[in-house]
There are 2 protein chains.
Amino acid sequence: MDNIQAIAEGDGRQRILAAAEKLFSDKAFDAVSMSAIACEAGISKANIYHYFPNKDTLYLAVLRMASHNLRAVLNESVSAHGSVRDVLRHFAHNHLQALLKRPELVRLVWREILEKGAPRAQEFAEQGFADMFSALVDVLKLGQTRGEFRPDFDPALVATLLLGANVFFFQSRDILRHYPPITFADDPAGYDAGIVEILLRGLAPATA
Amino acid sequence: MDNIQAIAEGDGRQRILAAAEKLFSDKAFDAVSMSAIACEAGISKANIYHYFPNKDTLYLAVLRMASHNLRAVLNESVSAHGSVRDVLRHFAHNHLQALLKRPELVRLVWREILEKGAPRAQEFAEQGFADMFSALVDVLKLGQTRGEFRPDFDPALVATLLLGANVFFFQSRDILRHYPPITFADDPAGYDAGIVEILLRGLAPATA
DNA sequence: CCGGATATTGACCGATTGGTCAGGTACTTA
DNA sequence: TAAGTACCTGACCAATCGGTCAATATCCGG
């Protein structure tokens, strides 16, 4: 216990969860030891086992919490005022901002999704997808029925495209920043604005 | 050494690399033990240290090889015949097919990219990006100068959008398959065709 | 048939892992 | 104040980790 930890708030259980979330978001399951979590939380390792029966349960609790919080943050992205085009614009912007605001949560949940070998709890990780995805699909459908969009495209496909553009941007930001032709690596607002504008043109009815 | 391994080809060094690649692509660095690699390769653990000085070096070698192979596969995606629109269509298709053809390589390299805690060799992982990215940007620029595309969009932004759409599809395929409104989870060709068509509409000049 | 590399091995090492346990502290309630 | 209970700890455990090493097996040129 060399580390004079920074976390001081909350009761034991939540301090452990906070410490574990921080460490698990940076490194994989096996790369984070219970001792490290205890040190980060400023308590003894044995004390963790007073709140959690084993490492897997703790990880699951962290993932559940992170998943819930991320879901809450992301769901705020869906607003419902203005034209469908404006709703889409705001959604893209808020969604990307949400990702960038809580990067630890995103990394934590996304790592779980990508893990093929030991699917610990993909159910939780996948939750965030469902409601946001369907909300976005609904928006696109509304745009089609209102005549703001062409009726001959798959809303789910466009939703995937938009979500993917944001997630990919989030994931590859550090890499993108290395390439000279890319000017938007540190301008997420400009990025999603450009994306959405191209998308809106692509979705517009023939009689634009 | 309980496992009667399947790998039998090649000399010792390549058997080790193949076994390590397989295991590292499924689980994270710390989750793969040298014993497991030895078992998978059908040799003794000590023998690994005859070819590689330590675990990090072995991992680095695997990553380097995977990165190189993935790069080769991906670079085939760039063809250069037909109209720019057709080139783009083919690129999207081939790129996604390449990702799906060697999923282990993609997962291996991408995990390294996402890892924040211990950047072991992001240089290698990032290599594949550069050339393909610039090739795609060049195609888009050509489309602009030829007048097939509008001149007022950022080619790098569109390249990111297209690459992101494919990578995201690759990563989330298992999740997407769970949602009823999604019909394209098992139809990658249909997916990228739809994506590109929307994009092409978005990039088309005002006088379409 | 020999002798020097090259491969390959089982046994072993200290360190660290997840997890246990007996006991101590501190707060609450009677 | 006494007892009960939730909280917390250092010491300890077997198992496994990455890595070492001396000894052997295998090969190949002379």
Side-chain angles (χ1 to χ4, degrees), chain A residues 1-63 111-112 115 117-121, chain B residues 1-24 26-63 112 115 117-121:
Chain A
M1 221 193 305
D2 325 312
N3 185 15
I4 297 113
Q5 81 297 342
I7 305 170
E9 38 179 347
D11 67 319
R13 192 165 202 276
Q14 281 193 318
R15 280 174 63 168
I16 295 172
L17 281 172
E21 179 185 291
K22 175 177 177 181
L23 296 182
F24 278 134
S25 71
D26 274 347
K27 305 200 281 184
F29 180 82
D30 297 84
V32 176
S33 70
M34 294 298 268
S35 323
I37 297 174
C39 175
E40 174 73 26
I43 59 173
S44 77
K45 185 182 67 167
N47 192 14
I48 297 181
Y49 290 90
H50 176 68
Y51 295 96
F52 302 94
N54 51 49
K55 190 183 179 182
D56 283 83
T57 305
L58 169 58
Y59 178 78
L60 217 69
V62 169
L63 195 69
R111 175 181 301 122
E112 185 62 27
E115 208 72 26
R120 246 169 281 269
Chain B
M1 224 193 304
D2 325 309
N3 186 16
I4 297 113
Q5 80 298 344
I7 305 171
E9 39 180 343
D11 67 318
R13 193 163 202 278
Q14 280 193 320
R15 279 174 62 170
I16 296 172
L17 281 173
E21 179 184 292
K22 176 177 176 183
L23 296 182
F24 279 133
D26 274 349
K27 305 200 283 182
F29 180 81
D30 297 85
V32 177
S33 70
M34 294 298 267
S35 323
I37 297 174
C39 175
E40 174 73 27
I43 60 173
S44 76
K45 184 182 69 167
N47 194 14
I48 298 181
Y49 289 90
H50 175 68
Y51 296 96
F52 303 94
N54 51 49
K55 190 182 179 183
D56 282 82
T57 305
L58 168 58
Y59 178 77
L60 216 69
V62 170
L63 194 68
E112 184 62 27
E115 207 72 26
R120 247 169 281 268

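The chains referred to below are lettered A, B, ... by the order of the sequence lines, with proteins before strands, and numbering in each begins at 1. It should be emphasised that the depicted structure is a prediction, and the values quoted were computed from it without experimental measurement.
Contact between the side-chain N/O atoms of B:H50 and the OP1/OP2 oxygens of C:dT8 is not found at any separation under 4.0 Å. Phosphate contact (OP1/OP2 of D:dT9, side-chain N/O of A:N47, threshold under 4.0 Å): present.
Listed for the A:R111 side chain is a donor-acceptor partner under 3.5 Å among the backbone atoms of A:K27.
Checked against D:dC7, D:dG10, C:dT8, the side chain of A:Y51 finds its nearest nucleotide in D:dC7. Picking from C:dT9, D:dC7, D:dC8 the nucleotide with the shortest atom distance to the side chain of B:I43 gives C:dT9.
Residues passing the side chain to side chain donor-acceptor pair (under 3.5 Å) test with B:S35: none are found, sequence neighbours excluded. Judged as a side chain to side chain contact (heavy atoms under 4.5 Å, CB included), and not counting sequence neighbours, the contacts of B:Y51 are B:R13, B:I16, B:N47. Applying the side chain to side chain contact (heavy atoms under 4.5 Å, CB included) test to B:A46 and every residue at least two apart in sequence or in another chain returns B:S44.
Side-chain contact between A:E40 and A:I37 is absent, with no heavy-atom pair separated by less than 4.5 Å.
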Readout for nucleotides 15-21 of chain D: B = base within 4.0 Å of protein heavy atom, S = sugar-phosphate only, - = neither; 5' to 3' it is --SBBBB
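Atom CE of B:M34 is separated from atom CG of B:L23 by 11.5 Å, given to the nearest 0.5 angstrom. Interatomic distance, A:L58 CG to A:L63 CG, rounded to the nearest 0.5 Å: 11.0 Å.
Using a 30° and 60° split on the angle between ring planes, B:Y59 and B:F29 fall in the perpendicular class, above 60°.
Using five terminal pairs a side, the axes of the helix from C:dC1-D:dG30 to C:dA30-D:dT1 at its two ends make an angle of 10°, given in steps of 10 degrees.
For B:R13 and C:dT6, the CZ to P distance is 15 Å, given to the nearest whole Å.
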